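Just so it is clear, the model here is predicted, and its values are computed rather than measured. For this chain, numbers begin at 1 and follow the sequence in order.
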Amino acid sequence: MPLSKSDVETALARVKLPDGKSILDHDLIRALTIEGDVVRFVIEAPNAQVAAQMAPLRDAAEAVVREIDGVSSVTVALTAHGPAPKQAAPSLKIGGHPKAQDGPMKPAGVQRILAIGSGKGGVGKSTVSSNLAVALARAGRKVGLLDADIYGPSQPRMMGVNKRPASPDGKTIIPLHAHGVTLMSIGFMMEEGKAVVWRGPMLMGALQQMLGQVEWGELDVLLVDLPPGTGDVQLTLCTKSELSGAIVVSTPQDVALIDARKAIDMFNTLKTPVLGLIENMSLFVCPDCGSQYEIFGHGGVAAEAVKMDVPLLGSLPIDLDTRLSGDSGTPVAAGDGPMAQAYARIAEGLIKGGMA
């Protein structure tokens, strides 16, 4: 009877490893071929270190196959084609006290840094930041977006990204990308739902890392989504980086404008030029009847811009699509509707004014 593959495998099943299992049980045999009375096969070790210790096993396998009736020649190759040992990814820690540095925290290759702030939370500053970044990118600018709202990072959700950035050496941070925008957020580095409980120095250290250690590349403009208020992050950014200017977002009602004035005063005190104001949630247009409702009042930010002699960059209505788009991870500015056009107009104004 001609020599069969099962004859060879039966013989190889007699070759045992120290754990009592055969080389077949361990799935070490590769490329078994039979040509007449000549048998060839490969023993594949999991790695080079194991292969160096398997010469006796190879000899034993060759011997048992040679004993089969009808076999005149046996060729056995011992290889190690398994995956290379995986090295642990470098440990990248965000936070800690800031490091001493010679120059300002301005990333190489970034032409302008614009801070987007507000005196208080709940006025849609992060929504404006994400949509303005996308609108600028759609207008042909190279745009970065840094989510510096350490305690409440929302850009990962709004931009639809939830991966952890890579770090080849434990120091350099490779940013993420979405909708044409280069992204970095403390939210990428933290477990979702985990509170950030840091004092001021750790906040400043994290901001220093996200500006100085991220490979931002060549950017026309880097937008920085600031936390609400006038705290440590704002102070660090305004004094330690070469800010081109700031944009203040507010809703029209008096209680928001009170805090917006404080934000403007802060930027003026820290010698950061206020490039303009954006009035968000300026009115609501009923989708059923088309009637307009000034839920938060109307025109308050425009009046404030005239009073403080700064430009009104745009007015944005409160809009259901904006909320739905932000929650779904695709900013409304990435589409073609009225809100996308509104953000496109603001982006066009910034570009024409040389601010982006």
(message) Keeping Ser118 on the side-chain end and Pro228 on the backbone end, is there a donor-acceptor pair under 3.5 Å?
(response) no

(request) Could you tell me whether a side-chain N or O of Gln234 sits under 3.5 Å from a main-chain N or O of Pro227, the two making a donor and an acceptor? (result) yes

(message) Starting from Ile264, can I reach Ile258 by hopping between I/L/V/M/F/W/Y residues whose side chains sit under 4.5 Å apart?
(response) no

(request) Could you tell me whether Arg323 and Asp327 make a salt bridge, using a distance below 4.0 angstrom between a side-chain N and a carboxylate O? (result) yes

(request) Show the numbers, then the answer: is there a side chain to side chain contact (heavy atoms under 4.5 Å, CB included) between Leu313 and Leu277? (result) CA-CA 6 Å; Leu313 300 176; Leu277 308 184; over 6 Å; no

(request) Establish, from distance only, whether the side-chain atoms of Ser126 and Asp225 form a donor-acceptor pair under 3.5 Å. (result) yes

(message) How close do Gly180 and Ala137 get, counting heavy atoms only, and between which atoms?
(response) O-CB, 3.6 Å

(message) Can you tell me how far apart CD1 (Ile351) and CG (Asp220) are? Round to the nearest 0.5 Å.
(response) 8.5 Å

(request) Would you check if Met355 and Arg112 make a side-chain contact, meaning some heavy-atom pair closer than 4.5 Å? (result) no

(request) Kindly indicate whether the side chain of Phe41, heavy atoms from C-beta on, has any atom under 4.5 Å from the side chain of Val74. (result) yes

(message) Using a strict threshold of under 4.0 Å (side-chain N to carboxylate O), is an ion pair present between Asp259 and Lys262?
(response) yes

(request) Please assess Arg66 against Glu62 for the test salt bridge (charged side-chain N to carboxylate O under 4.0 Å, His left out), listing each intermediate value before the final yes or no. (result) CA-CA 6 Å; Arg66 195 179 296 277; Glu62 181 180 345; 2.7 Å; yes

(request) Output, in order, the C-alpha distance, side-chain angles, deciding distance and verdict of side chain to side chain contact (heavy atoms under 4.5 Å, CB included) for Val76 and Asp59. (result) CA-CA 8 Å; Val76 184; Asp59 296 341; over 6 Å; no

(request) Quick one: closest heavy-atom pair of Glu35 and Arg40, and the distance? (result) OE1-NH1, 3.2 Å

(request) Output the distance between atom SG (Cys238) and atom NZ (Lys271), rounded to the nearest 0.5 Å. (result) 12.0 Å

(message) Donor-acceptor check, side chain of His179 to backbone of Gly329, threshold 3.5 angstrom: yes or no?
(response) yes

(message) Assess whether a salt bridge exists between Arg14 and Glu67, defined as any Lys/Arg side-chain N lying under 4.0 Å from an Asp/Glu carboxylate O.
(response) yes

(message) Walk me through whether Asp169 and Thr172 qualify under side-chain hydrogen bond (donor to acceptor under 3.5 Å, both in side chains).
(response) CA-CA 6 Å; Asp169 55 7; Thr172 304; 3.2 Å; yes

(request) Spell out, as yes or no, whether a donor-acceptor pair under 3.5 Å connects the side chain of Gln213 to the backbone of Ile173. (result) no

(request) Would you confirm whether Asn162, through its side chain, and Arg157, through its main-chain N or O, come within 3.5 Å as a donor-acceptor pair? (result) no

(request) Mark yes or no for whether Ser130, through its side chain, and Gln155, through its backbone, hold a donor-acceptor pair below 3.5 Å. (result) no

(message) Would you say that more than 12 heavy atoms from the other residues, nucleotides or ligands in this model lie under 6.0 Å from the CG of Asp19, or not?
(response) yes

(message) Nearest 0.5 angstrom please: Met184 CE to Gln209 CD, how far?
(response) 8.5 Å

(message) Can you confirm whether Ile34 sits close enough to Val8 that some side-chain heavy atom of one is under 4.5 Å from a side-chain heavy atom of the other?
(response) yes

(message) How close do Val181 and Gly144 get, counting heavy atoms only, and between which atoms?
(response) CG1-C, 4.2 Å

(request) Check whether any side-chain N or O of Thr236 sits under 3.5 Å from a backbone N or O of Val233 as a donor-acceptor pair, and report yes or no. (result) no

(request) Starting at CG of Leu28, measure out to CZ of Arg30 and round the result to the nearest 0.5 Å. (result) 7.5 Å

(request) Mark yes when over 12 heavy atoms from residues, nucleotides or ligands other than Lys16 sit less than 6.0 Å from its NZ; otherwise mark no. (result) yes

(request) Indicate yes or no: at least one non-hydrogen side-chain atom of Tyr293 is less than 4.5 angstrom from one of Val285. (result) no

(request) Please assess Thr182 against Leu145 for the test side chain to side chain contact (heavy atoms under 4.5 Å, CB included), listing each intermediate value before the final yes or no. (result) CA-CA 6 Å; Thr182 301; Leu145 176 59; over 6 Å; no

(message) Does Arg138, at its CZ atom, have more than 12 non-hydrogen atoms belonging to other residues, nucleotides or ligands within less than 6.0 Å?
(response) yes

(message) Exactly one of Asp7, Leu12, Val15 should register a side chain to side chain contact (heavy atoms under 4.5 Å, CB included) with Val65. Which one does?
(response) Leu12

(message) Any side-chain to backbone donor/acceptor pair from Ser325 onto Thr322? Under 3.5 Å, distance only.
(response) no

(message) If I compare all heavy atoms of Ile23 with all of Ala61, which pair ends up nearest, and what's the gap?
(response) CD1-CB, 4.2 Å

(message) Quick check: do Leu3 and Val39 have side-chain heavy atoms less than 4.5 Å from each other?
(response) yes

(request) Going by the side chain to side chain contact (heavy atoms under 4.5 Å, CB included) test, name the single residue among Asp319, Ile295, Leu320 that passes it with Phe284. (result) Ile295

(message) Membership question, hydrophobic clusters at under 4.5 Å side-chain separation (ILVMFWY): are Leu146 and Leu136 in the same one?
(response) yes

(request) Would you mind reporting whether Ser185 and Met159 have side-chain heavy atoms less than 4.5 Å apart? (result) no

(message) What's the separation between atom CG in Asn131 and atom OH in Tyr343, rounded to the nearest 0.5 Å?
(response) 4.5 Å

(request) Can you see which heavy atom on Gly122 is nearest to which on Met281, and at what distance? (result) O-CE, 3.7 Å

(request) Determine whether Leu132 and Leu226 fall in the same hydrophobic cluster, where Ile, Leu, Val, Met, Phe, Trp and Tyr are linked whenever their side-chain heavy atoms lie under 4.5 Å apart. (result) yes

(request) Supply the atom-to-atom distance Ile116 CD1 to Ile278 CD1, rounded to the nearest 0.5 angstrom. (result) 6.5 Å

(message) Please tell me whether Ser22 and Asp25 have a donor and an acceptor in their side chains that are separated by less than 3.5 angstrom.
(response) yes

(message) I'd like to know if the side chain of Ser4 pairs up with that of Ser6 as donor and acceptor (distance under 3.5 Å, no hydrogens or angles considered).
(response) yes

(message) Measuring only between side-chain heavy atoms, which start at C-beta, is Val71 closer than 4.5 Å to Asp37?
(response) no

(message) For Glu304, is there an ion pair with Arg261 - N to carboxylate O distance below 4.0 angstrom?
(response) yes

(request) Determine whether Leu324 and Val128 fall in the same hydrophobic cluster, where Ile, Leu, Val, Met, Phe, Trp and Tyr are linked whenever their side-chain heavy atoms lie under 4.5 Å apart. (result) no

(request) Give the cluster check for Val332 versus Leu283: same hydrophobic cluster or not, with ILVMFWY residues linked at side-chain heavy-atom distances below 4.5 Å. (result) no

(message) If you define the side chain from C-beta out and look only at heavy atoms, does anything of Leu211 sit under 4.5 Å from Leu222?
(response) yes

(message) Restricting to non-hydrogen atoms, name the atom on Val255 and the atom on Lys120 that form the minimum distance, rounded to 0.1 Å.
(response) O-CD, 4.0 Å

